[in-house]
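This chain uses plain numbering: 1 for the first residue, then up along the sequence.
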Amino acid sequence: MPTEQHPGLHPLAKGAYAWLAPSGGWGWSNAGLIVDEEESLLVDTLYDLELTGEMLRKMRAAEPATHSIGTLVNTHANGDHCHGNELVTGANIIASAASALEMGELTPEAMAAIMESTREPGPLSDYFQHCFGQFRFDGIRFTPPTHTFNGELDLKIGDKQVHLLEVGPAHTRGDVLVHSPSDRVVFTGDILFIDSTPLMWEGPAANWIKACLLIEAMDVDFIVPGHGPITDKHGVAKVRRYLQYVHDQARIRYDAGMSAFEAAKDIELTEYSAWSDPERIAVNVDSLYREFSGDQAKTNMLELMSQMAALAGFDTTDRT
């Protein structure tokens with residue numbers, strides 16, 4: 001594991017790299033690169049074209065094989081892991097079938113429209129700008145996967161075996177792990193947020209906890225999260241314990257008849273309060289309440305963003 005985890009490109013093994021964002025907060029995602037002989041595989045692109053272009057230039061300076069990347073794997077549907085796809089020209093873009101469907105629901109064009117609509121000052125607008133105002137969504141061409149799979153998929157990059165394992169629904173509907181056994185590395189996408197609060201858009205919690213246990217059982221030296229610094233199995237266990245803690249605390253409050261947002265405000269985050277974006281507990285509890293009740297109807301995203309804005313101090317209105 002690199003001792004100094006500054007932003008940028010980090011060599012992990014011969015022909016294996018992590019790209020680390022400046023922070024682990026909203027939109028600041030990591031990526032990965034696997035190279036062998038003349039072949040290369042990119043794990044995820046970034047939130048906009050400028051960020052993705054900078055990453056690709058640094059990768060190409062380090063590894064000539066990345067001048068023509070043959071394979072791109074999107075670990076899930078969130079835009080900060082796929083909006084830069086158009087810059088990886090000619091690549092076979094792979095994602096789980098569930099992720100490919102989900103990508104079309106919040107395209108770069110849709111995100112640009114949302115950001116344009118939140119220019120006027122106000123608690124929700126201010127929160128959107130706080131989370132996403134540093135990214136450029138205009139001019140991005142939606143570039144979906146060219147190949148999808150369900151369950152597992154084995155790839156070969158040069159002589160390296162690369163194993164894709166679908167562990168969603170969890171963070172999103174079709175989360176995928178990318179494991180390179182010979183490099184002793186796994187790229188987890190947003191199954192792992194390190195020093196940053198996990199965000200459960202989908203659930204169920206049991207799937208996410210199972211995915212953490214799977215990573216903890218892997219024979220790897222490097223674990224590259226979707227957000228935050230490169231970690232080890234202790235870091236994975238912390239994420240797993242957070243998920244279990246919030247699940248158990250939410251269940252107590254659900255059984256007591258509290259609303260989801262009341263529960264989110266009431267849960268004491270204890271050691272997890274130091275993680276960035278703790279207000280995401282509003283989304284996590286909302287998803288857990290859907291799980292407990294069996295109700296498949298999702299809360300409107302803007303309502304969830306409003307709840308997080310309130311918890312983050314952007315709105316003093318009581319939204320109970």
Side-chain angles (χ1 to χ4, degrees), residues 24-26 75-78 98-99 102 105-106 127 131 166-175 177 188-216 225-228 235-312 315 318-320:
W26 289 100
T75 59
H76 62 288
N78 287 172
S99 283
E102 192 175 2
E105 296 178 8
L106 187 59
Y127 186 64
C131 294
E166 184 179 13
V167 293
H171 166 63
T172 61
R173 291 180 215 155
D175 306 286
L177 306 178
T188 73
D190 284 3
I191 289 297
L192 292 182
F193 292 73
I194 299 300
D195 298 332
S196 179
T197 304
L199 186 59
M200 192 186 305
W201 289 118
E202 194 66 29
N207 274 9
W208 200 333
I209 290 167
K210 181 180 177 182
C212 289
L213 289 169
L214 181 65
I215 296 166
E216 290 175 65
H227 295 262
V236 184
K238 287 181 181 179
V239 174
R240 172 171 53 81
R241 288 195 295 268
Y242 170 87
L243 295 167
Q244 189 66 61
Y245 174 76
V246 173
H247 173 278
D248 295 346
Q249 293 296 313
R251 184 75 217 200
I252 292 168
R253 288 157 178 81
Y254 175 83
D255 290 341
M258 295 177 70
S259 72
F261 191 50
E262 286 174 334
K265 292 189 294 183
D266 191 58
I267 293 172
E268 174 58 54
L269 289 175
T270 63
E271 63 187 287
Y272 309 112
S273 62
W275 291 358
S276 68
D277 310 306
E279 69 272 14
R280 291 173 177 170
I281 194 171
V283 175
N284 297 338
V285 173
D286 185 82
S287 293
L288 287 164
Y289 267 49
R290 282 192 290 109
E291 180 182 329
F292 300 152
S293 68
D295 184 0
Q296 298 304 307
K298 292 187 176 181
T299 304
N300 179 274
M301 187 190 74
L302 292 180
E303 173 60 24
L304 291 174
M305 294 298 291
S306 294
Q307 291 181 9
M308 287 190 284
L311 291 179
D315 186 358
D318 188 346
R319 304 188 58 84
T320 58

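Side-chain atoms of Ser196 come within 3.5 Å of backbone N or O of Gly24 as a donor-acceptor pair. Asn207 places no side-chain N or O within 3.5 Å of a backbone atom of Pro204 that could act as its donor or acceptor partner. Of the possible donor and acceptor atoms, none in the side chain of Thr188 sits under 3.5 Å from a partner among the backbone N and O of Leu177. Looking at Ser287, its side chain never comes within 3.5 Å of a backbone N or O of Gly203 through a donor-acceptor pair.
A distance of 3.5 Å separates OG1 in Thr172 from CG in Asp175, rounded to the nearest 0.5 Å.
The two atoms that bring Leu311 and Ala282 nearest to each other are CD1-CB, 3.8 Å, heavy atoms only. Considering all non-hydrogen atoms of both residues, Gly235 and Ile194 come closest at O-CD1, 3.9 Å. Considering all non-hydrogen atoms of both residues, Pro198 and Val239 come closest at CG-CG1, 4.1 Å. When every heavy atom of Ala77 is checked against every heavy atom of Ser99, the shortest pair comes out as CB-O, 3.6 Å. Ala263 and Tyr289 make their closest contact through CB-OH, 3.4 Å (heavy atoms, listed as atom of the first residue, atom of the second, distance). Nearest heavy atoms, Leu269 versus Ile281: CD2-CD1, 3.5 Å.
Considering only heavy atoms from C-beta on, Arg173 comes within 4.5 Å of Glu105 through its side chain. Side-chain contact check for Ser273 versus Pro278: every heavy-atom pair is 4.5 Å or farther apart. Lys210 is not listed as a side-chain neighbour of Val167, based on a closest heavy-atom distance of 4.5 Å or more.
Contacts of Ile252 classified as side-chain contact (heavy atoms from CB on, under 4.5 Å), with partners at least two apart in sequence or in another chain: Gln249. Applying the side chain to side chain donor-acceptor pair (under 3.5 Å) criterion to Thr75, with sequence neighbours excluded, gives Asp44. For the side chain to side chain donor-acceptor pair (under 3.5 Å) test, residues two or more places apart in sequence or in another chain that qualify with Asp248 are Gln244. For Tyr272, the ring-ring contact (aromatic ring centres under 6.0 Å, His included) partners at least two apart in sequence or on another chain are Tyr242, Tyr245, Trp275. Scored by the salt bridge (Lys or Arg N to Asp or Glu O under 4.0 Å) test, Lys298 finds Glu202 as partners (sequence neighbours excluded). Residues forming a side chain to side chain donor-acceptor pair (under 3.5 Å) with Arg241 (at least two apart in sequence, or on another chain): none. Judged as a salt bridge (Lys or Arg N to Asp or Glu O under 4.0 Å), and not counting sequence neighbours, the contacts of Arg253 are Asp266. Remark: Glu166 engages no residue in a salt bridge (Lys or Arg N to Asp or Glu O under 4.0 Å) (not counting sequence neighbours). Legend: residues meeting salt bridge (Lys or Arg N to Asp or Glu O under 4.0 Å) with Asp195, ordered by chain and number and at least two apart, are absent. Every residue meeting the side-chain contact (heavy atoms from CB on, under 4.5 Å) condition with Asp255, not counting sequence neighbours, appears here in chain and number order: Arg251. Shown here are the side chain to side chain donor-acceptor pair (under 3.5 Å) partners of Asn78, two or more places apart in sequence or in another chain: His171.
Aromatic ring centres of Tyr254 and His247 lie farther apart than the 6.0 Å criterion allows.
Sequence neighbours left out, the pairs with a member in residues 278-295 that pass salt bridge (charged side-chain N to carboxylate O under 4.0 Å, His left out) are Asp277-Arg280.
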(message) Using side-chain contact (heavy atoms from CB on, under 4.5 Å), reason through His76 and Ile191 one step at a time and then give a plain yes or no.
(response) CA-CA 10 Å; His76 62 288; Ile191 289 297; over 6 Å; no
(message) Evaluate Trp26 against Met308 for side-chain contact (heavy atoms from CB on, under 4.5 Å), listing each step before the verdict.
(response) CA-CA 12 Å; Trp26 289 100; Met308 287 190 284; 3.8 Å; yes
